[in-house]
2 protein chains.
Amino acid sequence: MTMPSAVTILTWARLVRASAKALNTAELALKQAGLPPLEWYELLAELQHKTPIRPRDLQGPLHAEQYSLSRLIARTVRAGLVLRRPCPGDARGHTLELTEAGTAMRAAMWPVYGAAIEQALGTRLTEDERLTLAGLLQRLV
Amino acid sequence: MTMPSAVTILTWARLVRASAKALNTAELALKQAGLPPLEWYELLAELQHKTPIRPRDLQGPLHAEQYSLSRLIARTVRAGLVLRRPCPGDARGHTLELTEAGTAMRAAMWPVYGAAIEQALGTRLTEDERLTLAGLLQRLV
DNA sequence: AGATTCTCAATGCATCTGCATCGACCGTTT
DNA sequence: AAACGGTCGATGCAGATGCATTGAGAATCT
């Protein structure tokens with residue numbers, strides 16, 4: 001395996017830095033607004049438009065490990081945002097859905113999250129540049 | 001604050017995904033080679049070319065919190081890779097330097113880390129594209 | 001000098017994470 | 001039906017993290 005060029009290393013460093021900074025901005029904004037962390041939002045959002053859904057079907061979309069997801073769900077259930085129901089036809093599992101409070105929480109989080117995204121990306125690049133960036137990034141996945 | 005456009009949101013998602021995948025690849029490669037995690041490499045590398053150095057002067061370059069860095073250093077010291085010495089002229093602090101084993105560990109990690117970088121970026125984009133990407137990412141920092 | 005304020009680095013505590021494993025249940029095979 | 005391997009989701013444990021605070025020492029002020 002040939003070792004990376006200087007440009008490749010520079011790009012690597014910037015990729016790591018940029019995404020860390022972007023994520024940090026968003027997490028901080030949520031925290032300062034007294035709201036739960038980003039991963040809660042992703043879960044609530046997923047539950048919102050595919051509902052009811054089983055935990056194992058969330059692993060892919062949320063890119064989360066099984067145990068990680070299990071505990072994330074437990075936290076949101078404890079917070080009253082998510083409801084666990086027995087799963088019809090499979091007594092091992094259960095299905096998840098949002099509570100009223102869960103829907104409200106997602107709604108409350110979006111303005112803060114969205115503003116952070118806008119601040120991180122929207123105000124720093126033109127629409128064309130974002131399109132170019134998105135195209136290049138996709139090639140990395 | 002205006003909410004992000006669809007392209008902005010897409011770009012955000014891809015940025016987060018791409019960097020998570022890239023970092024994951026590297027961490028996994030190191031783990032599978034029986035080597036310490038990425039952050040150890042960053043510390044060892046920093047120590048290699050600015051030495052001796054004090055912990056607080058590493059916070060910036062490593063983008064680490066004070067307590068986080070303090071514990072990272074403690075781990076590498078325990079592993080015999082880093083040496084703490086009393087700091088001349090400031091009895092509160094100490095200076096850090098690499099041990100022989102530390103230098104060797106950095107050397108052992110680079111091929112694995114470098115290969116992961118090359119695999120994540122080098123084989124997926126042309127040099128021109130990497131340059132474009134690096135340019136766009138810099139604007140986010 | 002003495003008092004006050006600031007900086008450096010470590011740490012107690014609660015929470016979170018990764019790994020391995022568990023118990024429960026499903027589906028298939030014989 | 002009994003046995004077996006596979007899947008679902010939770011959890012014990014060890015280690016890592018974030019937050020707030022500490023103790024020691026430096027710097028500044030009066």
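The chains referred to below are lettered A, B, ... by the order of the sequence lines, with proteins before strands, and numbering in each begins at 1. What's counted below: heavy atoms across the whole structure, side chains too, no hydrogens, waters or symmetry copies.
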May I have the step-by-step check of salt bridge (Lys or Arg N to Asp or Glu O under 4.0 Å) for B:D90 and B:R54, ending in yes or no?
CA-CA 11 Å; B:D90 190 343; B:R54 300 181 57 175; 3.2 Å; yes

Intermediate values then yes/no, side chain to side chain donor-acceptor pair (under 3.5 Å), A:T8 and A:S5: CA-CA 5 Å; A:T8 303; A:S5 74; 2.9 Å; yes

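Side-chain contact check for A:T95 and A:R85: no donor-acceptor pair (N or O, by modelled atom type) lies under 3.5 Å. In the model, A:Y113 has a side-chain atom that pairs as donor or acceptor with a side-chain atom of A:E42 under 3.5 Å.
Atom CD1 of A:I53 is separated from atom C1' of D:dC8 by 15 Å (rounded to the nearest Å). Per the geometry, CG belonging to A:L96 stands 14 Å off C1' belonging to D:dA10, to the nearest Å. Rounded to whole angstrom, the span from the CG atom of B:L69 across to the P atom of D:dA16 amounts to 15 Å. Residue B:E27 contributes atom CD, which lies 18 Å from atom P of D:dG15 at whole-angstrom precision. A straight line from CG of A:N24 to P of D:dT17 spans 14 Å, rounded to a whole angstrom. Protein atom NE2 of A:H94 is 14 Å distant from nucleotide atom C1' of D:dT7, rounded to whole Å. Distance A:Q32 CD to D:dC19 P: 11 Å, rounded to the nearest Å. Here D:dA16 presents its C1' atom at 16 Å from CG of B:L43, a figure rounded to the nearest Å.
Taking 4.0 angstrom as the limit, A:R56 places none of its side-chain polar atoms (N or O) nearer than this to OP1 or OP2 of D:dA10. Close to C:dA10, at under 4.0 Å from its OP1 or OP2, lies a side-chain N or O of B:R84.
Side-chain atoms of B:R54 lie closest to C:dA9 of the nucleotides C:dA9, C:dA10, D:dG9. If you check D:dC8, D:dA26, D:dA10 against the side chain of B:R92, the one that comes closest is D:dA26.
The closest side-chain heavy-atom distance from B:R130 to A:R14 is not below 4.5 Å.
A pairwise comparison of heavy atoms in B:A134 and A:T11 identifies CB-OG1, 3.6 Å as the closest pair. Residues B:L69 and B:P55 share a closest heavy-atom pair of CD2-O, 3.2 Å.
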Polar atom pairs (N or O), protein with nucleotides 16-21 of chain C, under 3.5 Å:
residue: C:dT17; atom: OP2; partner: A:R75; partner atom: NH2; Å: 3.0
residue: C:dG18; atom: N7; partner: A:R71; partner atom: NH2; Å: 3.0
residue: C:dG18; atom: O6; partner: A:R71; partner atom: NH1; Å: 3.4
residue: C:dG18; atom: O6; partner: A:R71; partner atom: NH2; Å: 2.7
residue: C:dC19; atom: OP1; partner: B:K31; partner atom: NZ; Å: 2.9
residue: C:dC19; atom: N4; partner: A:R71; partner atom: NH2; Å: 3.3

